[in-house]
Each structure stands twice: as C-alpha cells, then as structure tokens.
Student: 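Please read through the structure below; I'll follow up with questions.
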Amino acid sequence: PFVIEGVVISPKVCTANELVIRDLTGAVSLCDMVHPVCTKDIRAGYRVRIAGRTELGYNYLYAAFTNIEVIAKSDPEPLLDMHLTPTDLLDDTYDFKHARLVGMIRDVFDDEADSKFVYLLVGDMSNAVYATSHLSGMKSSDFNTLIGCEVEIEGIVLPHARGLRHYIGRTFEADRYEDFRILHRSDDGIFSAPPLEMRHDLQPAEIATLGRRRLVGRVTALWNGNRIMLETRFRRMSFMVDLADMATPSVGDAIEVVGFPSTDLYRIHLRHARWRHAQSDFKPNTSPLTIKVREILCDPEGRARINAGFFGKLVTLSGTVIGLPVAGNVHRRMYLRSDGYILPVDISACAHAVAGLSPGCTIEVTGICVMDAENWQPDSIFPSTKDIFVVTRGDDDVRILGRPSWWTPRRLLIVIGALALVLMAILVWNSSLRRLAELGEVLHQRRHGLAAPRRNLECPRLQRKR
C-alpha cells in the first residue's frame, strides 16, 4: 500500500482513470484497473493526495490508486522552452517533461490489443519514436491526413506507453487532437515517397531501413482480407503487399501503393502499405503456366522442396478436392490432392467458386502462386517458409472436370448398414411369427385336450340311452 502527494502533470483533463503526478523525488504514472475512481474533475496542475497499492498485471508491476483527494488547485506547469526531436527522446533526459515534439508522421495505426490507443510513428532524419493518443472515439483513420506531414505535437514524454504494450519503449503522449499542428504539408503526403528500386546489391539490413517506397501496378490476387499481389510493368515483377487500409482494391485494379520494404531473402515486399487508384495502361499476364502440383512442392527427383520460382506466376493445375472451406474460418481455402501431394487453394476473392463442389470432385484451378515466408530479422538469418498456395482471381478460375462416383465409401457403408437393418428386421419378424405360430399350436392343443375328456364322458350316456 502507498499514500503519495504530488502535482498532476498529465493529462490536461482526466478522461480515464490514468494520470501522472510529480513530487520532489520524481514522477510516476498511476492507473486504476481494479477499483474505479472518478477522476473527471482532476486537471493538470492540481495538487492531490492518492492512496493505493502496487499490483501485478500483464507481467509487470503497476501502481493502482483506490482514493484521490484534491489538496490545491493551480495552473499546469509550463512547456519546455525548446522543440524536441525523436532523437532527443532516446535517453531519459526529458522523461515526464511537457514539451513540443517536431517530426514527420511516417505512419498511423490502431492498437488492436488496446482499442483506447492510437499510435503515430514520428521520425526525423535518423530516428523515430511512437507518439500515442487515447482520445475517446478517435481512430487511426482520423489521423491519416497527417501522414507525410511535418508536425508539432504538444504533450508529455513518458518512459513507456501507458497501454498494454509495456515494452514499446519511450513514447510521447498527446491529450487532444488540437495538440497536433501541421508545420509543413506534402502535396501528395505519403505518395510522394520515392519509387522502389530493384537493386540486387541491397543487403537485408539496408532493405529494412529504406523507409517508405512506392510501386504502381495491377492487382492480380487478393487474400486474407488485406494482402494483395501487385504485378508491375518492370520485368512484370510481382510484389506481395500487406495493406494497412481496411478497404481493399479489387482484382484487376490499377493502383499505387506506398509501404515499408521488407524481404524474406527471396524477394522484396511492402508491408503496412497505403494505396490509391492510379491511371495505367499496363495489362497483367493472362496466359497461365500449366503445371502439376508436384512441380511446386518437390524437385525432379521427388525430394520435398518449395519452388520459389513460381511466386507471383499465373498457373493452372488440376487435382481432386479433399477439403472445402470451413464456415467462419478466416482462411477461405479448399485443398487439392494430386499424385499424393496436397496444395491449398485460397478462394477469398471468389467465395462462390466452390458452389456445387464436394469432396472427390476433380477440378482445374487457375490462380496466382503465393509463397508466404517470414520477413528477415537480424536474429533470424534464414526466415522459414510458412506456406505455399494458389489464390484464385474469380469464379471462372475453378472448373469442374469430373464428379465422384455415387458409390463413395461413405454411401456404401450407409447402404450396407441399411441392408443389415432390413435383414435384422426380417429376422425379428420371422422370429415373432414363429413364436406366434408355436403359441397358437399350444393353445390349440390345450383346447383339443379339454374336449377329448368331455367326449369320453358323453359316450357312456349315449350308449345307455340306446
């Protein structure tokens, strides 16, 4: 348990049970996740007395208050008479200081683990930090217009974020949307990023630090809700793009994308990308390669191997359906078997393609071959390949070649079972009839046995009368 007294330094107006106070020994961030206490009347500058205790939550200690008392009211402490840059926030010099942070907004995204927070990646020429905001009802889309702009943000430097991402590092927290001021707006925002140059001398670490890059092409595949394959004019190269937007383009759309380059050591991809429609007369390849499933999954000698050369290629292959998409599953996939090999087929872009299909059908599938591998990290020298599959583009990409015989093993078992039941019923019926017949015969014999003595008694009387 603890009782401390200090001055509230953040936020300006409490909208949640979280605040930062300072006394002569330093500053601390306090919250109450167990015992709700109304703090809506608490403002920055107020001197307060707080009682509470430390508790363990999400694998770290936090200070939870159970009571708060206002001792005195005064104005908030003034801002530092200087502008900070992201590089200035790399050490603890300005921890718990009110200041103005200047930098370019590189990206904005919601925290899917804690919906109260929006994160903004703010950078200068050499470093970047996270600015956070937990404005009620605000989403990352409300800050999209700031991407690519040089801004000034008024807020407080925190040693770590106050959300669930405890180890995200030093952050800069703003209280109000008005605390963000645009100093310089780029005409195209993030779409003024330089094009992605395909240089084969790039090292993995260089690719990871290139910053935003731009591509223009046509969408040839869409899966997982936010992943696309983009075929470009340059050597008809294809790039896998992870979109940050909830809205997605359609297969065949000409678009411009801007994202952060990464590599799986096979190719360069773009992650956390934004997109917009573009004008282009470029037409993607529409002539598929006819291949067999085993060509993707093994080498000519039959040894298991993923053939990365098919990545982004339009292919046609055939096989037998052994599994259909499961309702409610994020991955809309069916599974083909051919020559003993099994290959997933993603139908996210054409859910009706499986209409009329059943396990055992022989089909021909046309789609884009995708190899999904981990991105390179400094401590992961050889990223592992997670999956390889084919993504269909439309309902016409699935063609039924043949349907399974009506006499499937399951139906044969059903028929055998039905015949067994009928035979059992006949046997039971026959047994019942036999028992009824035997019972009738017994009753008849009993009746006949009683009648015989009567006749024997009547015969002497008849003889005397005669």
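Keep in mind that the numbers below use all heavy atoms, side chains included, and drop hydrogens, waters and symmetry copies.
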Student: Report yes or no: is the cationic atom of R333 (NZ for Lys, CZ for Arg) under 6.0 Å from the centre of the six-membered ring of F389, at an angle within 45° of the ring normal?
Tutor: yes
Student: Could you give me the CA-CA distance, side-chain angles and deciding distance for R218 and E231, then say whether salt bridge (Lys or Arg N to Asp or Glu O under 4.0 Å) is met?
Tutor: CA-CA 5 Å; R218 285 196 181 269; E231 187 174 330; over 6 Å; no
Student: Is any NZ, NE, NH1 or NH2 atom of the basic residue among R170 and D91 found under 4.0 Å from an Asp or Glu carboxylate oxygen of the other?
Tutor: no
Student: Using the side chain to side chain donor-acceptor pair (under 3.5 Å) criterion, which residues pair with D75? Sequence neighbours excluded.
Tutor: none
Student: So for atom CD, which belongs to E178, do other residues, nucleotides or ligands contribute more than 12 heavy atoms lying within a distance under 6.0 Å?
Tutor: yes
Student: Only pairs under 3.5 Å count here: list side-chain donor-acceptor contacts from residues 304-321, not counting sequence neighbours, and write none if there are none.
Tutor:
from : atom 1 : to   : atom 2 : distance (Å)
N307 : OD1    : G309 : N      : 3.1
T316 : OG1    : T366 : OG1    : 2.9

Student: Are D253 and R276 close enough for a salt bridge, meaning some N to O gap below 4.0 Å?
Tutor: no
Student: Could you go step by step and tell me if D88 and K97 meet the salt bridge (Lys or Arg N to Asp or Glu O under 4.0 Å) rule?
Tutor: CA-CA 12 Å; D88 294 327; K97 300 290 186 182; over 6 Å; no
Student: Test: salt bridge (Lys or Arg N to Asp or Glu O under 4.0 Å). Region: residues 350-360. Which pairs qualify, not counting sequence neighbours?
Tutor: none
Student: Between the side chains of D107 and H272, is a donor N or O closer than 3.5 angstrom to an acceptor N or O?
Tutor: yes
Student: For R337, does the CZ atom have more than 12 heavy-atom neighbours from other residues, nucleotides or ligands under 6.0 Å away?
Tutor: no
Student: Should R22 and E77 count as an ion pair when the cut-off is N to O under 4.0 Å?
Tutor: yes
Student: Take a 6.0 Å sphere around CG of D81 and say whether it holds more than 12 heavy atoms from other residues, nucleotides or ligands.
Tutor: no
